[in-house]
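Right, one structure below, let's go through it.
Counting starts at 1 for both ligands and their atoms, following the listed order. Just so you know, residue 1 is the first one in the sequence shown, and it goes up from there.
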Amino acid sequence: MACSAAAGAKGTALLFRRPAPSSIAGRHRLPVSRRTRHRNLWTGVQPPQKSTPSANHRNRASIQRDRAAASSDEEQQQKYEDENGLLNIQLEDLVGMIQNTEKNILLLNQARLKAVERADRILKEKDALQQKIDILEMKLSETGIQSEVSTEGKTDAEGLEFDVIKEENMLLKDDIKFLKATLIEITETEERLFKLEKERALLDASLRELECTFIAAQSDMLNLGPLQHDAWWEKVENLEELLDSTANKVEHAALMLEGYHDFQDKVEKLEASLGAAKVSELCLHLVGLLQQRVKSVEERFEACNHEMHSQIELYEHSIVEFHDTLSKLIKESEKKSMEHYAEGMPSEFWSRISLMIDGWSLEKKISINDANTLREMAWKRDNRLREAYLSSRGMEDRELIDSFLKMALPGTSSGLHIVHIAAEMAPVAKVGGLADVISGLGKALQKKGHLVEIILPKYDCMQHNQINNLKVLDVVVQSYFEGNMFANKIWTGTVEGLPVYFIEPQHPGKFFWRAQYYGEHDDFKRFSYFSRVALELLYQSRKKVDIIHCHDWQTAFVAPLYWDVYANLGFNSARICFTCHNFEYQGTAPAQDLAYCGLDVEHLDKPDRMRDNSHGRINVVKGAIVYSNIVTTVSPTYAQEVRSEGGRGLQDTLKVHSRKFVGILNGIDTDTWNPSTDRFLKVQYSANDLYGKSANKAALRKQLKLSSTHASQPLVGCITRLVPQKGVHLIRHAIYKTAELGGQFVLLGSSPVPHIQREFEGIADQFQNNNNIKLLLKYDDALSHMIFAASDMFIVPSIFEPCGLTQMIAMRYGSVPVVRKTGGLNDSVFDLDDETIPVELRNGFTFLKADEKGFDSALERAFNYYHRKPEVWKQLVQKDMKIDFSWDTSASQYEDIYQRAVVRARAGA
Ligand SMILES: Nc1ncnc2c1ncn2[C@@H]1O[C@H](COP(=O)(O)OP(=O)(O)O)[C@@H](O)[C@H]1O
């Protein structure tokens, strides 16, 4: 059986040796004719020749030679052949080639099938062999038992026979060794067979590929004609190469089968020799040992295998866990970052976006409608704008505009668009409380969801470092003044997160290049100019503003300008709110000065309009009262006071317009004025941790070279503009009184009034070497924070005080106020000993009469509590620090009156 199988294998191998003469390989020997070798191939008519692999190579070389030799023939042939004839001949040849190739494929397939059959047979034979080996082993063990029996039954006389058996055993041992080696060879042959099987599969795939390529080549030929011969020829060549390599593989397989056949012969011989053999104890022992070793190796392999599998399982498990945790973390962090961006974008960001949109609108890069839509989206903090901005960061304006416009979907808002036009804003341009109101109220309204914008003059002396992203727009706003049009540069930037426009006039008067905010001979002109440009800017940007809020006399021009000039031009969506922060300053001038900014003097210089109530000049605060929709002042008590003498001549006007007049107490900016975060302090502190307060007191004493001998010595502070309104004589008196009471006194202030400034300089000189009194006659924001924090008491002895912010700031820093009962002081400070006031509201010391006696009574009581009732004092300090002086309540009141005005306007419209 083994022999016939081997013979079959050889026969099949012969079939694979070389393709038949008509095979593809033979095509190489087609004669070369003209032009290209491929075209020549198909035009040649010589019969195909026999081919072997080496002949193949030779033929390829001879083709080259033939081509060279045939070049002269080519020219001759060229004369006779026309393109159509050529094509026909080529196609005929090609069809012949294809047929031959198909035959070859058939042959190859047959050979492949035979190889598969042969491989199966080999496997069967191998199994049969294995069975024989098993039988042999059994025989061996039987022989061992027989040998044992014979050893027991025989005597020394049989020694000779035993020696013979021994020798035979040695031979048998050798045979077993050989058998084992042969077994190994069988295993290797098996492996080779396996490889062969793999190669066969590859061969199969190659054949299929070959068929496909051939079919494709056929259709290529038919579709594309002779001009595609080059590509076709390449395909045929590839086909040939594939056939060559297939033939080689088949040859190799046949050789292997031959080797296997030899090996089978050897096994048969061995079988024959084993049949005659006798086995000894030694042989058995050897086999046993071998079996033991095999077993132990198998066991170790099993254990290793098991160990490896459990390690892999563990590893896979931990990878799955790791992936789970990772994806959870990624999701969480994505969610967090989305939330952060969605809600956490600072006001600064939205203000910048809003300024950017305005800039594009003014520069006419986007339409007014688009600007309005985008502005509203920015105002509503629409996340789509944020996304568009973040994804287009660093790109050109045009691309950013495009991505923004894609977002510009129509929408509405319930918030208001509020524009403050003012001469001050903290901290960029601050003189007094007005500056604090603009940023404090602005921020509070912005927090409530309104779109708030500020328009300021671009002063040369302002704190430029307090403006973020300050830049000039690529636009010039032309504005009327004194019969001419003047250009104005428009700068934008954010201050405290609010969008701010800074107007820089290109007027020869250099209105805001004066190194100071106020006190110029032409203040009336400067600010009437500014008011007009501010409105012009709004008008030209075509914003649909709801509220234009102007402040004090400097921007009071806005009200009559809006209604008498701009409303007539169609810019009338807004309602005007005017806040008078101090009726002491009313902005009066000769009537004709009103004409500078384009106001109609004749129309306005009338008693019910802008003519001052007591002399022939015009009065812009009066004009604003008359022309505004809402008039406010900064505290309810002050609103009451100005209806009588406090009104400085405007009381009658206020009475006439009393229905639109209201007093709203200012708040303070609790972000700026916060002892627990204040960066100007040496140590931050809070109502529950007052250590920082004494630390700041010690630090200030050191800084100002004040005595530190008695830590408990009270420190009295005063921060103010030194103007008569502030009770300058009482401030001066307070210095001496404090010294007399054994306290320390620090004054921070400067005066626009020369004689007051001189007077205080004299006092400062007087106390120059005193280590309990310090007068700092300047404006110093950082120092003011330290004084609020370090002082135990804070004096505000104002003659009148529209609102006053310092008493509120002082309380927030735990400095107990000692104030005169007037205006906003009366609305915010309640005497500790006043039994008519609920205990929980009592927070300081007040006096009524603006004289030294009145002041002394309040200060002495404060000193008494401080020294004699330290616990009460501490509670008072803590209570004061916890009072809510934020803008929240006041901003709500403004919001309310704005809304009502807007509703009235819409109803009217
Ligand atoms: N010399 C100064 N240095 C620093 N800040 C000052 C100075 N004088 C006044 N201020 C600040 O100006 C504001 C004054 O506001 P307010 O009490 O309403 O008075 P007014 O507006 O009448 O000047 C407070 O914020 C106060 O701290």
Side-chain angles (χ1 to χ4, degrees), residues 422-441 463 466 496 516-519 551-554 579-585 633-635 637-638 646 663-675 678 680 700 704 717-728 731 746-753 756-757 760-761 764 774-791 794-813 815 817 819-820 822-829 885 887 890:
E424 294 181 36
M425 180 187 186
V428 64
K430 175 171 169 174
V431 176
L434 167 64
D436 295 290
V437 172
I438 301 301
S439 32
L441 176 61
Q463 309 291 304
Q466 302 285 358
E496 299 274 296
Q516 63 174 359
Y517 299 105
Y518 311 128
H551 301 260
D552 278 350
W553 77 265
Q554 292 90 345
T579 296
C580 185
H581 296 253
N582 194 330
F583 279 87
E584 193 179 7
Y585 310 100
T633 191
V634 290
S635 71
T637 299
Y638 189 58
I664 299 174
L665 187 71
N666 283 339
I668 56 169
D669 184 340
T670 44
D671 295 332
T672 307
W673 301 108
N674 184 353
D678 195 328
F680 293 117
L700 185 75
L704 301 181
C718 180
I719 301 169
T720 186
R721 289 182 298 123
L722 290 168
V723 290
Q725 168 208 335
K726 300 291 178 185
V728 181
I731 294 170
V746 176
L747 167 72
L748 174 64
S750 59
S751 182
V753 186
I756 299 176
Q757 180 73 12
F760 275 85
E761 279 167 3
K774 214 36 105 202
L775 271 63
L776 303 142
L777 304 178
K778 58 177 179 179
Y779 183 94
D780 188 333
D781 192 39
L783 187 56
S784 78
H785 285 247
M786 271 302 283
I787 294 171
F788 283 123
S791 57
F794 196 90
I795 61 156
V796 193
S798 302
I799 305 304
F800 73 94
E801 191 59 72
C803 176
L805 298 177
T806 53
Q807 77 283 7
M808 293 191 248
I809 301 169
M811 283 188 264
R812 186 148 167 84
Y813 282 72
S815 185
V819 307
R820 184 170 169 254
T822 179
L825 297 170
N826 186 52
D827 295 328
S828 54
V829 183
F885 286 117
W887 265 102
S890 310

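- Here the two rings, on W673 and F788, have centers that are under 6.0 Å apart.
- Checking side-chain atoms of Y638 against main-chain N and O of N582 turns up no donor-acceptor pair under 3.5 Å.
- In this view, K726 and T720, R721, V723, I731, S798, E801 satisfy the side chain to side chain contact (heavy atoms under 4.5 Å, CB included) rule, not counting sequence neighbours.
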Distance-only donor-acceptor pairs under 3.5 Å for side chains of residues 746-753, two or more places apart:
| from | atom 1 | to | atom 2 | distance (Å) |
| --- | --- | --- | --- | --- |
| S751 | OG | L722 | O | 2.5 |
| S751 | OG | V753 | N | 3.0 |
| S751 | OG | V753 | O | 3.2 |

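- Closer than 4.0 angstrom to ligand 1 by heavy atom are K430, G432, G433, D436, I719, T720, R721, K726, L748, G749, K778, Y779, D780, S784, F788, G804, L805, T806, I809, sorted by chain and number.
- Under the 3.5 Å distance criterion, the side-chain polar atoms of D552 are matched with a main-chain donor or acceptor of H581.
- Under the rule for a salt bridge (Lys or Arg N to Asp or Glu O under 4.0 Å), D781 has no partner lying at least two apart in sequence or in another chain.
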